[in-house]
*Asks:* 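If you scroll down you'll find the structure; I have some questions about it.
What you see is a predicted model; the values in this text were computed from it and never measured. Residue numbers start from 1 in every chain, and the chains themselves are labelled A, B, ... in the order their sequence lines are given, proteins ahead of strands.
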Amino acid sequence: MHGTRQRALLEVEGLSRRYREDRPPVLAGIDLSLAADEYLAIMGESGVGKSTLLNLIAGLDRPDAGTIRLDGVDITALDDEGATLLRRRQMGFVFQAFHVLPYLTVAQNVALPLDLLGVAAQERAARVAQMLEAVGLAGFAARHPRELSGGELQRVAIARSLVHRPRLVLADEPTGNLDPRTAAQVLALLREQIHANGGAGILITHSVTAARSADRTLALTAHGLVPLPATP
Amino acid sequence: MTPARTWARLLFAQWRESRARIAVTVLALALGTAMASAIHLVNRSALDEFEQAARRLAGEADLVVRGSPPGFPEALFAGVARLDGVAIASPVLELTVDGLTVVGLDPFRAAGVQPALFGELAGNLRDFFEPDGIFLSAAAAGQRQLRTGDRMDVLAGTTTRQLRVLGLLDANAYPRPLGVMDIAAAQWQFDRLGLLTRIDVRLEEGASTATVRAAIEALLPAGVVVMTPAIDSQRVASATRAYRTNLGMLALVAVLTGAFLVLTAQALSVLRRRGSLALLRALGVTRRELGRLLVAEGVVVGAIGAAIGVGLGQVIAYWTLRALAGDLGAGQLAVPGGTLAAKPLTWLIFIVTGALVAGLAAWLPAREAAARPPALALKSGDVDAGPAAARPFRVAFALIAAGAGLAFMPSVYGLPLFGYASIAALLFGGVLLVPSVAQGLLRAAPATRAAPLSLAVAQLRGAPAQASLGLAAIIVSFSLMVAMAIMVHSFRESFIDWLDTVLPADMQLRLQQGGNTAALGEREQAVIARQDGVSRAEFRRVVPLLLRPEAAPVTLIAADIDAHTAAQRLAILHAAPLPAGGETAPPVWVSEAMTDLYGVQAGAPLALPLAGREAVFRVAGVYREYGRSGGAVVIPRATYVAATGDRAVNEASLWLARGADPAAVARDLRAALALGDALQLRTTTEVRERSLANFDRAFIVTYALEAIAVLIGLLGVGVTAAATAFARRAEFGMLRHVGLLRRELALMLAGEGLLMSAIGVVFALALGGVLSLVLVYVVNRQSFLWSIDLAIPRLQLALLALALICAAAITTVVSGRAALGGDAVRAVREDW
Ligand SMILES: Nc1ncnc2c1ncn2[C@@H]1O[C@H](COP(=O)(O)OP(=O)(O)OP(=O)(O)O)[C@@H](O)[C@H]1O
Ligand SMILES: [Mg+2]
């Protein structure tokens, strides 16, 4: 299939995370490999550790054992600053609760990653315009978040997650707050944009329908990540 | 359970969620109330003590006949005692001896008028007539460390007399320092044979006060008045006016800062809870119910805070009375044995006021929260839309206009009440303008390439109301501090100019304080004038003069002065041109206070009672006088001597011969005059330095209390920053995800803090400048009855402002750091 042929962008080996000594570890010996242009969905029961895994990959949390390599760089060996700068350049995020800054306009929200990277104003404006166009919000640039619907807010978040052309987009239940129709539109958009960007993506979801929008689906269980056959 | 109670339970259940917020509101109220109530209690207990003392001295007198020192002839007493309707007339000679008030009394008659004072003395009445005997109140004996049987030296005229302490009066009999002597002994010891300063009169049962008063008035020479004791004790109040003005201003600072802090905390809390309040609205709470609930919450919180504050204030007042002996820096109201009475009614008033202020503070944001459509408020990102949208321009401008108008109103009972009201109105109006001003300034903020800083500016632009709210308390306290600093500096500069004018010579000579028993005769004057090293001497006779019963005596200064030299010796403000036909009457110069208290105008005639006769003078000019707040009249000494025959003096300015050594001249003069400690000889430089040191000491407590007010203001900044940062956890979490470094977040917060506090401080500087105009030209003028010239302490204000901006920015970062350190992962999980 698609992913395994190419050189892996993300390589996770023997990853373990235990929150409390008196409890079994949430993650134990997780292995994962993701190709540079692959869009992966991870499913699993509530509380099984999906968000924990994603946070480890993002360098927001530290594992007890194991390595995470992004393009050959071991994230677990980076300090907070190193991991932060890595996220700034290489990653994009979409959250369940949107997290769009209320005091910025739509365009300013989308431009945020470019601001952090110090992209020049002209190029920044062009890329934001292009990104807003791509997510179908061309006329919304000057609006404020409080004037937008949930689906529109999540489009803003998708635009923000991809505007700086990251190598990896992480989305933790991005459609959890949306109705099924809007959710379907947002998922299609996310898939389309991740592919258009040419990078990889990880989608965490409860919904089988949602998982179908990805190239490949894994299930996180107590025994680790196991492949789910893609049902056509 | 009624629905209202259900909703109330819901609302109060939120208290558990926001303990810090409630705690801060309570703390703000407690501190404000504590400061205000402590100041009030100290002030009240000091005044009470003075009033009690005045009442004890007046005893049960129905009328008091009073004249200026040195006094009026005894013959008047016989006339008054014989009048119909007079039961007892008690002659009194009141003196100030080395700073101690001494009353000479006829014990048999006084026992009928001042029983409280004389119950004590009844036991040793025989001793009382000893010609050198004196009874001291416990306070006086304590002050001088004297006991029964000890001897005390006092100055009379230019000679020292030795008195024997015959006994002590109980502190209950008289709370303040006092000496009591037999009247004949006092007259003899202090060279006042045949003179009285007071006659206390008790009327017969059923006699009409008005009739007897009229009969007495018919007997009185010029300068002697008859009054009721109630009016007599009012003089205490007018003598301490400056002191009370200072306290009034401080209380205002405390109350306003506290009120604004409460307003801030309440408004923030409503803003913060917009979501949950909208939820209540969505669940069916009506607009009215919600508004009422929020106000009720404010009232409850306010009452709790004020109750704590009153308790705290009681402790502070107790401590202040003990540590400072009740003297809040002005030196006028020191109460050595000051006690603090429990005053439940005062406590209740403070608690009710606190509750009302907090209720009002909750009412404004509550009205807005209730009016906000719940559908909008429930949406994220609505945090700040309200107050910014409803910019209260109209109210702000109405308040500012009212403040400007109030500044032109006259004083009320000698207090600048409208001046204070003007300051309060200007402050409230000014603070209401802060969000708009902040928005205007932020719009002008230059674009920056640094993402954290541009985020900071964007956040402030988007939520100016919230940021401004946090600044309200600091703006209020700092602008009041600026205004006070400008007033004190103006006063100080004017004071220095004035000292330069009134202290022209090289040395100043004075007979030790309490000058009404000490004086230099012609022999001593000749000794001084002929002294080696003294090239010129100008002598002054300074005596108090009672012009009106209800007012404190004015000071009559007989000096070597005439129409030509007046401008060199006095700080003349308005001079009246000489009338066309030459002098119509001898000239006098009056201090500014005379124009306010007695309506005296330059060029107008002025009648003064000199030696029992009215003499008419022409007011040749009005001059500035900082030394005597009760009013002063300068009269050429030759005129004074011609009218009174009094050739004695008690002050002199000495010019030294070229090359003369001031220390040697002083030593020789002391030896030649042999007056001991009574002679005060200081170089002009020394007098200047002492005066300035006294001036500065008087304002130390002022500065300390203002510093506390500014600290409370900073507390407001910290609280707002912490609350805001807490509310923005999700935002910080998202920014951390997107790749903002921790220190970039800190930079963002610092940028916000710095920008906002800079705006606040600059605004407060401007507002304080406006307020200082009211202080200098209205409050100062009306309460001290003298004018000062505006002078701005630029460097001091600049440094203060800079320090405050830094302090506020640091407070913001420190308070916000808790949220920065938080878990970015948890923060983004939910929509808070
Ligand atoms: N900070 C933490 N401290 C202790 N335990 C934690 C912490 N975060 C998560 N856990 C626990 O770890 C387990 C996995 O949590 P995680 O958030 O990864 O689950 P999830 O698979 O994302 O669930 P969901 O589908 O409900 O979001 C849960 O049992 C949770 O209680
Ligand atoms: Mg999860």
*Asks:* List the steps, then state whether side chain to side chain contact (heavy atoms under 4.5 Å, CB included) holds for B:M734 with A:L112.
*Replies:* CA-CA 11 Å; B:M734 183 278 282; A:L112 198 56; 4.2 Å; yes
*Asks:* Check each atom of A:L170 against the heavy atoms of chain B and say whether the ones under 4.5 Å are side chain, backbone, both or neither.
*Replies:*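 Interface part for A:L170: neither.
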*Asks:* Side chain, backbone, both or neither: which part of A:L116 has a non-hydrogen atom closer than 4.5 Å to chain B?
*Replies:*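 A:L116 touches chain B through backbone and side-chain heavy atoms alike.
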*Asks:* Strictly distance-based, threshold 3.5 Å: is any side-chain N or O of A:R87 a donor or acceptor partner for the main-chain N or O of B:H737?
*Replies:* yes
*Asks:* Tell me, for A:R89 versus chain B, whether the close heavy atoms (under 4.5 Å) come from the side chain, the backbone, both or neither.
*Replies:*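 No part of it gets close to chain B.
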*Asks:* Pick whichever of A:D115, A:L54, A:N55 has the most heavy-atom pairs under 4.5 Å with chain B.
*Replies:* A:N55
*Asks:* Check whether more than 12 heavy atoms from other residues, nucleotides or ligands sit under 6.0 Å from atom CD of A:E133, and answer yes or no.
*Replies:*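 No, because the 6.0 Å sphere around CD of A:E133 holds 12 heavy atoms or fewer from other groups.
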*Asks:* Looking at OG1 of A:T84 and CG of B:L735, how far apart are the two atoms once the value is rounded to the nearest 0.5 Å?
*Replies:* 11.5 Å
